[in-house]
Amino acid sequence: YQRPPMYSALKMDGQKLVNLARKGKQVEIPKRPVEIFETELIAPAGPNRFLFRVRCSKGTYVRTLCQDWGKALGTVAHLSFLLRTQTGAYKIEDSLTLEEITALGEQGALLNALQPIESGCDTLPRIDLTIQAKRAVLCGQEILPKWILAMPEEQKTPCQLWVGGRFMGIAQRTDENTIETQKVIWEETCNALQR
């Protein structure tokens with residue numbers, strides 16, 4: 001369990017903790033479960049300085065992890081440098097620098113470098129609906145069982161939502177024959193991004 005820092009974007013009573021901290025206000029922040037899957041000491045980086053790699057769950061604050069390690073060692077510790085090398089399916093080796101993005105834009109080739117919007121959901125299971133469900137999905141209406149082509153057995157799990165073979169957002173199965181949409185992405189939005 002980890003207690004998030006005051007200087008974070010988390011909200012409490014509708015206000016970001018960082019804004020409260022800047023006003024000098026302190027609030028009791030509840031601890032949250034996080035998972036540390038792997039840690040690796042890469043190399044010493046100077047006197048009392050270490051470079052390490054952490055593979056962790058969403059919601060983990062690595063700077064808090066460093067402070068906790070310091071406490072466990074009977075001293076103090078802080079984070080001076082953080083490089084995120086992966087988030088979800090996105091890896092740093094697949095990213096572009098601002099200079100590369102600018103150059104591709106000037107060449108008119110930026111669109112070729114973009115990943116499809118659904119690539120951020122590659123690890124999620126998939127719900128497939130017929131094209132007849134499109135209007136219901138866009139209008140937030142009930143999705144009829146006859147429109148369901150495929151859905152995972154697990155309930156309450158975020159899923160990719162595909163309608164008529166096109167990605168339309170995130171949904172979840174709520175019971176045997178019910179699907180609840182979470183986020184809907186309009187085709188018009190996707191088309192506008194490509195212009």
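From a predicted model like this one, the values you see are computed outputs, not experimental measurements. The figures here come from the full heavy-atom set of this structure, side chains too, leaving out hydrogens, waters and symmetry mates.
The same ILVMFWY cluster, assembled from side-chain heavy atoms under 4.5 Å apart, contains both I36 and W69. Cluster membership for L144 and M168, using ILVMFWY side-chain heavy atoms within less than 4.5 angstrom, is shared. The hydrophobic cluster containing I117 also contains W162, counting ILVMFWY residues as joined when their side-chain heavy atoms lie under 4.5 angstrom apart, directly or transitively.
The CG atom of L124 sits 12.0 Å away from atom CD of E118, with the distance rounded to the nearest 0.5 Å. Summarising the geometry, atom CD belonging to E99 is positioned 12.0 Å from atom CG belonging to L104; distances are rounded to the nearest 0.5 Å. With rounding to the nearest 0.5 Å, the separation of CG in L114 from CG in L110 is 5.0 Å. Between atom CG of residue L82 and atom SG of residue C66 there is a gap of 8.5 Å, rounded to the nearest 0.5 Å. In this structure, S80 OG and R63 CZ are separated by 13.5 Å, a value rounded to the nearest 0.5 Å. Residue M151 holds its CE atom at 11.5 Å from CG of D128, rounded to the nearest 0.5 Å.
A 6.0 Å sphere centred on CG of D94 holds more than 12 heavy atoms belonging to other residues, nucleotides or ligands. Q86 CD: more than 12 foreign heavy atoms inside a 6.0 Å radius. The neighbour count for F37 CZ, taken as heavy atoms of other residues, nucleotides or ligands under 6.0 Å away, is above 12.
Between the side chain of T87 and the backbone N or O of Y90 there is no donor-acceptor pair closer than 3.5 Å. Judged by distance alone, with hydrogens and angles left aside, the side-chain atoms of E38 form no donor-acceptor pair with the main-chain N or O of R55 at under 3.5 Å.
For the pair P125/E153, no side-chain contact is recorded, criterion being any heavy-atom separation below 4.5 Å from C-beta on. T60 places a side-chain heavy atom less than 4.5 Å from the side chain of Q2. A heavy-atom distance below 4.5 Å is found between the side chains of I143 and T181. Side chains of R3 and T64 form no contact here, defined as non-hydrogen atoms less than 4.5 Å apart. Within the 4.5 Å cutoff, no side-chain heavy atoms of V34 are placed close to those of L65. Side-chain contact check for T39 versus F52: every heavy-atom pair is 4.5 Å or farther apart. Proximity of N48 to T75: side-chain heavy atoms (C-beta onward) are nowhere separated by under 4.5 Å.
Taking both residues in full, the closest heavy atoms of L17 and P5 are given as CD1-O, 3.9 Å, listed atom of the first, atom of the second, then distance. Minimum interatomic distance between R84 and I92 (heavy atoms only, all atoms of both residues): O-CD1, 4.0 Å. Annotation for W147 and A136: closest pair CZ3-CB, 3.5 Å, computed over non-hydrogen atoms. The heavy-atom pair separating R126 from P152 by the smallest distance is O-CD, 3.6 Å. Contact record, I127 with R173: CD1-N, 4.2 Å, taken as the closest heavy-atom pair. When all heavy atoms of P4 and P30 are compared, the closest pair comes out as CD-O, 3.6 Å.
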Checklist line | Residue pair L161, K183: steps toward the side chain to side chain contact (heavy atoms under 4.5 Å, CB included) verdict | finding: CA-CA 9 Å; L161 179 62; K183 299 283 182 191; over 6 Å; no
Item checked: Worked verdict on I148 versus L129 for side chain to side chain contact (heavy atoms under 4.5 Å, CB included) -> CA-CA 5 Å; I148 300 170; L129 306 176; 3.8 Å; yes
Check: When you look at R32 and Y61, which way does the side chain to side chain contact (heavy atoms under 4.5 Å, CB included) test go after all the steps?
Finding: CA-CA 11 Å; R32 306 179 330 169; Y61 286 89; 3.9 Å; yes
Next item on the list: Apply side chain to side chain contact (heavy atoms under 4.5 Å, CB included) to the pair Q15 and V27, showing each step before the final yes or no.
Entry: CA-CA 11 Å; Q15 292 190 303; V27 295; over 6 Å; no
